[in-house]
Amino acid sequence: MSSTAFLARIIGLANVLVVTAAVVGLRLLPDEGRPHARPDDSAEIQAGVAQPTPSPVGEPPGVVSTPEFARQVRANEAGLVPVLMYHRIVAKRLASIDRTPDQLRKELEKLARQGYVPITAADFVAGDIRVPAGKFPVVLTFDDGDPSHFALDAAGNPEPDTAVGVIQAVARKYPSFRPVATFWVHKQPFGLIDRESQEAAVKWLVGHGYEVANHTWSHPDLRRLGKKKVSEQIVRIERLIRKLGAPPSTTMALPYGSLPRPKKLARTGSWDGTRYDFAGVFLAGAEPSLSPYAKKFDRGAIQRIQSNGKKGECRKWCSQYWLEWLDKHPRDRYVSDGDPARISIPEKLRGNIVAKRGLQVIAY
């Protein structure tokens with residue numbers, strides 16, 4: 001496996017100054033203009049920019065980044081971003097990719113202590129990275145819409161040992177840790193069978209800033225399907241997600257990380273009169289992702305990191321290894337300038353990024 005995605009060294013310093021993200025709107029091509037759904041199933045599905053994630057509670061007013069300020073907080077918005085991949089969250093692990101609630105809790109608390117702030121996959125691909133200055137974005141992603149990801153108790157609160165229950169608890173303990181994540185679902189979201197329960201789940205998640213998005217209808221290996229079947233798998237679940245009250249998906253995760261043929265069919269296509277056009281398609285992963293501002297950032301094949309320890313094949317490719325690696329190589333990590341209207345980078349990295357429309361580049 002190539003290591004070129006993470007070997008580029010980034011010049012910067014290592015001080016941290018906590019300042020809020022400016023609350024400034026941002027729209028990037030090709031993610032503009034997400035229209036409202038038409039009421040029928042044949043409505044065109046368009047990818048767009050996700051709704052801005054609220055700033056963490058208690059942050060001071062935003063600031064405008066300058067070269068001096070970017071240097072002071074050691075901003076590097078061309079750096080690497082960990083996109084963590086989770087599957088089932090269960091008390092007793094039955095597969096190597098399972099995690100226990102305690103393992104999830106410990107990993108998230110460690111992220112919070114180290115200065116990571118969660119954003120959704122939709123925010124990430126839109127380049128709408130609202131993270132306080134000197135802090136680091138992390139994308140928490142959960143595949144398959146498993147029952148262990150989300151369930152409500154009798155009082156209408158998330159069950160404590162579900163993924164959402166753990167995320168909410170960590171955010172209460174660490175107020176700077178924004179409680180958001182992305183859930184990629186298929187035909188039975190969160191194991192719920194009846195439509196009313198599915199709608200209630202999606203309404204709660206979307207209403208609390210979480211992303212619910214496309215993971216195909218029945219989780220097939222898209223590489224083994226013909227073009228029409230690939231598009232059918234994507235459109236059928238997209239129609240369901242929209243019926244349940246979620247915004248149009250701007251992201252999708254590939255089952256098994258397997259790209260169809262041709263690759264572009266995962267990102268854009270149509271079936272039965274319905275079109276889809278995602279801003280980002282995510283792999284099953286093995287490395288941190290490039291910044292969405294990087295020239296080499298591939299929206300059709302975005303890297304993720306499996307959440308796991310350092311045993312066996314995870315000795316080098318899973319979350320414990322990579323989070324330790326990023327901690328030891330702070331100049332390679334994405335560090336926010338706190339201003340979503342500007343991209344701040346060390347001068348030597350100016351040639352590594354693509355300046356998006358509406359964004360000012362600050363080089364120091």
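We count residues from 1, following the sequence as given. Worth knowing before you read on, the calculation uses all heavy atoms, side chains too, and leaves out hydrogens, waters and symmetry mates.
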When rounded to the nearest 0.5 angstrom, what is the spacing between CD1 in I237 and CH2 in W217? 5.5 Å

Can you hop from L80 to Y321 via hydrophobic side chains spaced under 4.5 Å? yes

Which heavy atom in E199 sits nearest to a heavy atom in K243, and how many Å separate them? OE2-O, 4.0 Å

Where do F150 and W204 land on the side-chain contact (heavy atoms from CB on, under 4.5 Å) test, with the steps shown first? CA-CA 10 Å; F150 180 72; W204 193 100; 3.6 Å; yes

Please determine whether a side-chain nitrogen of the Lys or Arg among K263 and D298 lies less than 4.0 Å from a carboxylate oxygen of the Asp or Glu. yes

Within the side chain of H219, is there an N or O that forms a donor-acceptor pair under 3.5 Å with the backbone of P255? no

Heavy-atom closest contact (G280 atom, V125 atom, distance): CA-CG1, 3.9 Å

On a heavy-atom basis, the closest approach of H215 and A253 is ND1-O, 2.7 Å

Enter the distance from R88:CZ to S148:OG here, rounded to the nearest 0.5 Å. 7.5 Å

I would like to know whether M85 and N308 meet side-chain contact (heavy atoms from CB on, under 4.5 Å); could you show each step before the answer? CA-CA 9 Å; M85 177 182 69; N308 221 318; over 6 Å; no

Is it true that a side-chain atom of D221 and a backbone atom of S258 form a donor plus acceptor pair closer than 3.5 Å? no

Spatial distance of atom CD (Q233) from atom CG (L222) [nearest 0.5 Å]: 7.0 Å

Could you go step by step and tell me if F297 and V354 meet the side-chain contact (heavy atoms from CB on, under 4.5 Å) rule? CA-CA 10 Å; F297 180 67; V354 176; over 6 Å; no

Could you check whether any side-chain heavy atom of Y86 comes within less than 4.5 Å of a side-chain heavy atom of L104, counting everything from C-beta outward? yes

Quick one: do the D339 and S65 side chains pair a donor with an acceptor below 3.5 Å? no

So does A286 get a backbone contact from the side chain of W322, meaning a donor-acceptor N/O pair under 3.5 Å? yes

For the pair R74 (side chain) and P330 (backbone), establish whether a donor and an acceptor sit closer than 3.5 Å, ignoring hydrogens and angles. no

pair R195-L244: side-chain heavy atoms closer than 4.5 Å: yes

Quick check: are there more than 12 heavy atoms from other residues, nucleotides or ligands sitting under 6.0 Å from CZ of R93? yes

Student check: side-chain heavy atoms of Q306 and W317 closer than 4.5 Å: no

Any non-hydrogen side-chain atom of F142 less than 4.5 Å from a side-chain atom of I89? yes

Atom pairs and distances, side-chain donor-acceptor, residues 180-187, under 3.5 Å, sequence neighbours left out:
from: T182; atom 1: OG1; to: A121; atom 2: N; distance (Å): 2.9
from: T182; atom 1: OG1; to: E211; atom 2: OE1; distance (Å): 2.5
from: W184; atom 1: NE1; to: T251; atom 2: OG1; distance (Å): 3.0
from: H186; atom 1: NE2; to: D144; atom 2: O; distance (Å): 3.3

Is it true that, when you exclude L94 itself, more than 12 heavy atoms of the residues, nucleotides or ligands shown sit nearer than 6.0 Å to its CG? yes

Looking at CD1 of I241 and CE of M252, how far apart are the two atoms once the value is rounded to the nearest 0.5 Å? 9.5 Å

Between T66 and Y364: side-chain donor-acceptor atoms closer than 3.5 Å: no

Begin with the C-alpha distance, continue with both residues' side-chain angles, and end with the deciding distance and a verdict on side-chain contact (heavy atoms from CB on, under 4.5 Å) for V230 and I234. CA-CA 7 Å; V230 169; I234 294 170; 4.1 Å; yes

Candidates P137, S291, S289 - the one meeting side-chain contact (heavy atoms from CB on, under 4.5 Å) with F124: S289

d(I362 CD1, F69 CZ) to nearest 0.5 Å is 11.5 Å

Do any N or O atoms from the side chain of E238 and from the backbone of N214 form a donor-acceptor pair under 3.5 angstrom? no

Using the rule that two of Ile, Leu, Val, Met, Phe, Trp, Tyr join whenever any of their side-chain heavy atoms come within less than 4.5 Å, decide whether I97 and L283 are in one cluster. no

Side chain proximity check, L108 to Y174, heavy atoms < 4.5 angstrom: no

Nearest heavy atoms of I353 and K295, plus distance in Å: O-CE, 3.4 Å

Exercise: do D102 and T100 side chains pair donor with acceptor under 3.5 Å: no

Considering only heavy atoms from C-beta outward, does the side chain of E68 approach that of Q72 to under 4.5 Å? no

Closest contact, heavy atoms only, D128 versus P340: OD1-CB, 4.4 Å

Do L240 and Q198 have side-chain heavy atoms sitting under 4.5 Å apart? yes

Interatomic distance, CZ@F177 vs CG@L140, rounded to 0.5 Å, equals 5.0 Å

Show your reasoning for whether salt bridge (Lys or Arg N to Asp or Glu O under 4.0 Å) applies to D272 and R239. CA-CA 11 Å; D272 190 32; R239 288 176 174 176; 3.2 Å; yes

Output field: ring centroids F136/Y334 closer than 6.0 Å: no

If you look at every heavy atom in A78 and L349, which pair is closest and at what distance? CB-CD1, 4.3 Å

Can you confirm whether K264 is buried at NZ, in the sense that more than 12 heavy atoms of other residues, nucleotides or ligands lie under 6.0 Å from that atom? no

Do NZ/NE/NH1/NH2 and the carboxylate oxygens of R350 and E347 come within less than 4.0 Å? yes

Answer yes or no: is there a donor N or O on one side and an acceptor on the other, between the side chain of R333 and the main chain of G79, under 3.5 Å? no

With the threshold set at 4.0 Å, does a side-chain nitrogen-carboxylate oxygen contact exist between D143 and R304? yes

Residues K229 and E232 bridged, charged N to O under 4.0 Å: yes

Do C318 and K311 have side-chain heavy atoms sitting under 4.5 Å apart? no

